[in-house]
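What follows is a single structure, written as structure tokens, with notes after it.
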Amino acid sequence: MTSQVDQLKKLTTVVADTGDVNAIKKYSPQDATTNPSLIYKAAMMSDYAKIVDEAIVYGKGDLSLTMDKLAVGFGTEITKIVPGYVSTEVDARLSFDTEATINKARDIIKLYEEVGVAKDRILIKIAATWEGIQAAKVLEKEGITCNLTLIFSIAQAVACAEAGCTLISPFVGRIMDWYKKAKGVDSFAPAEDPGVMSVTAIYNYYKKYGYETIVMGASFRNTGEILELAGCDRLTISPALLEELTNSTDEVAQKLDAGKAAEMDIPKIDTSESNFRWMMNEDAMATEKLAEGIRSFAADIVKLEEVVQAKINASKKV
């Protein structure tokens with residue numbers, strides 16, 4: 001019998017959501033995504049001490065440069081395993097600064113090019129604030145492909161598509177978390193999961209209006225959410241959930257269909273800045289989860305910086 005992960009790969013491009021190179025090797029995904037939380041976890045593993053040490057030598061005491069080199073170091077190793085895109089995230093603390101985000105993305109691409117990784121292998125991952133989306137609009141015109149992350153609303157998704165972003169990462173599990181707490185329930189059936197419904201609505205809107213931006217569902221809490229989105233352009237999945245899908249041979253049915261979506265009656269959304277901000281204001285979940293996500297990624301960057309700075313200081317004493 002064919003495993004669920006192999007069945008899923010026939011309907012959807014499967015992406016590994018991890019910075020653990022060994023885990024990526026195991027599941028043979030098309031692409032891989034990282035974020036500060038995942039890089040922090042991987043950097044703590046003895047297997048990857050060499051990548052951390054090389055970044056410290058390269059940075060010559062410059063913490064910001066060392067951090068960028070560290071992210072690129074992990075990304076470079078991952079490009080040797082996956083045939084497609086590797087996502088590398090811009091510092092979340094720049095989420096409300098368009099120019100700084102643009103400059104940081106250019107710096108990251110330069111570091112990749114220094115080690116022979118072409119920019120068309122890399123997705124620059126940016127939080128989908130209004131400012132982040134405008135940065136991506138500029139970068140895409142320069143040929144720097146972007147993954148807009150922390151997508152919790154159709155407003156964010158449509159603004160990203162209009163900006164010409166290569167890919168978006170609408171979150172599933174974090175939306176479910178919010179609604180579980182708000183409604184005082186323990187769980188949702190997969191088809192009624194608010195996160196699943198959000199990604200489905202985004203996918204259908206994109207296919208209805210012919211946008212080329214890739215929809216990559218992210219942040220899954222269980223395999224039920226994943227299977228309910230079979231047929232989505234891409235799904236980025238943690239090693240633990242990939243393992244569950246590998247160990248099951250239950251049938252996987254296609255749930256999302258571009259052809260059917262194109263025939264749906266879906267109203268067009270105004271993508272002006274004022275309407276974007278108003279729609280976000282009216283969506284308590286999206287506003288709260290976007291802010292929380294940025295804070296969480298920023299906190300993990302600070303934790304990683306503390307570890308790296310200590311190693312920098314130790315290297316100076318040698």
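Keep in mind the model is a prediction, meaning the values are calculated, not measured.
Val57 and Val307 are assigned to two separate hydrophobic clusters, defined by single-linkage of ILVMFWY side chains at heavy-atom distances under 4.5 Å. Tracing side-chain contacts under 4.5 Å through hydrophobic residues (I, L, V, M, F, W, Y), one never reaches Met1 starting from Leu8; they form parts of separate clusters.
Residue pairs meeting the salt bridge (charged side-chain N to carboxylate O under 4.0 Å, His left out) criterion with at least one partner in residues 262-274, sequence neighbours excluded, are Glu162-Lys268, Glu273-Arg277. Residue pairs meeting the side chain to side chain donor-acceptor pair (under 3.5 Å) criterion with at least one member in residues 227-242, sequence neighbours excluded: Asp31-Arg234, Thr33-Thr236, Lys207-Asp233. Applying the salt bridge (charged side-chain N to carboxylate O under 4.0 Å, His left out) test to pairs two or more places apart or on separate chains, those with a residue in residues 163-182 are Asp177-Arg221. Sorted by first then second residue, the salt bridge (charged side-chain N to carboxylate O under 4.0 Å, His left out) pairs that include residues 141-158, not counting sequence neighbours, are Arg106-Glu142. Judged as a salt bridge (charged side-chain N to carboxylate O under 4.0 Å, His left out), the pairs with a partner in residues 284-301 (not counting sequence neighbours) are, in order, Lys289-Glu292, Asp300-Lys303.
With a 4.5 Å cut-off between side-chain heavy atoms of Ile, Leu, Val, Met, Phe, Trp and Tyr, the cluster of Leu167 takes in Val15, Tyr85, Leu123, Ile214, Met216. Hydrophobic clustering, defined by side-chain heavy atoms of Ile, Leu, Val, Met, Phe, Trp and Tyr closer than 4.5 Å, leaves Met197 isolated from every other such residue.
Environment of NZ in Lys311: sparse, with no more than 12 heavy atoms of neighbouring residues, nucleotides or ligands closer than 6.0 Å.
Residues passing the ring pair (Phe, Tyr, Trp, His ring centres under 6.0 Å) test with Phe171, sequence neighbours excluded: Phe152. Every residue meeting the ring pair (Phe, Tyr, Trp, His ring centres under 6.0 Å) condition with Trp130, not counting sequence neighbours, appears here in chain and number order: Phe276. Qualifying ring pair (Phe, Tyr, Trp, His ring centres under 6.0 Å) partners for Tyr112, counting only residues two or more places apart in sequence or in other chains: none. For Ala161, the side chain to side chain contact (heavy atoms under 4.5 Å, CB included) criterion is met by Tyr206, Tyr211, Thr213, not counting sequence neighbours.
In this structure, CD1 on Ile151 lies 6.0 Å from CD1 on Ile133, to the nearest 0.5 angstrom.
Remark: Glu243 engages Lys26 in a salt bridge, criterion side-chain N to carboxylate O under 4.0 Å.
Aromatic pair Phe74/Tyr48: ring centres closer than 6.0 Å.
Side chain to side chain, Ser248 and Gln4 meet the donor-acceptor criterion of an N or O pair below 3.5 Å. Of the N and O atoms on the side chains of Thr12 and Lys255, not one donor lies less than 3.5 Å from an acceptor on the other residue. For the residue pair Gln309 and Asn313, a side-chain donor N or O sits within less than 3.5 Å of a side-chain acceptor on the partner.
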Please list every donor-acceptor pair under 3.5 Å in which a side-chain atom of residues 38-46 meets a protein atom from a residue at least two apart or in another chain.
none

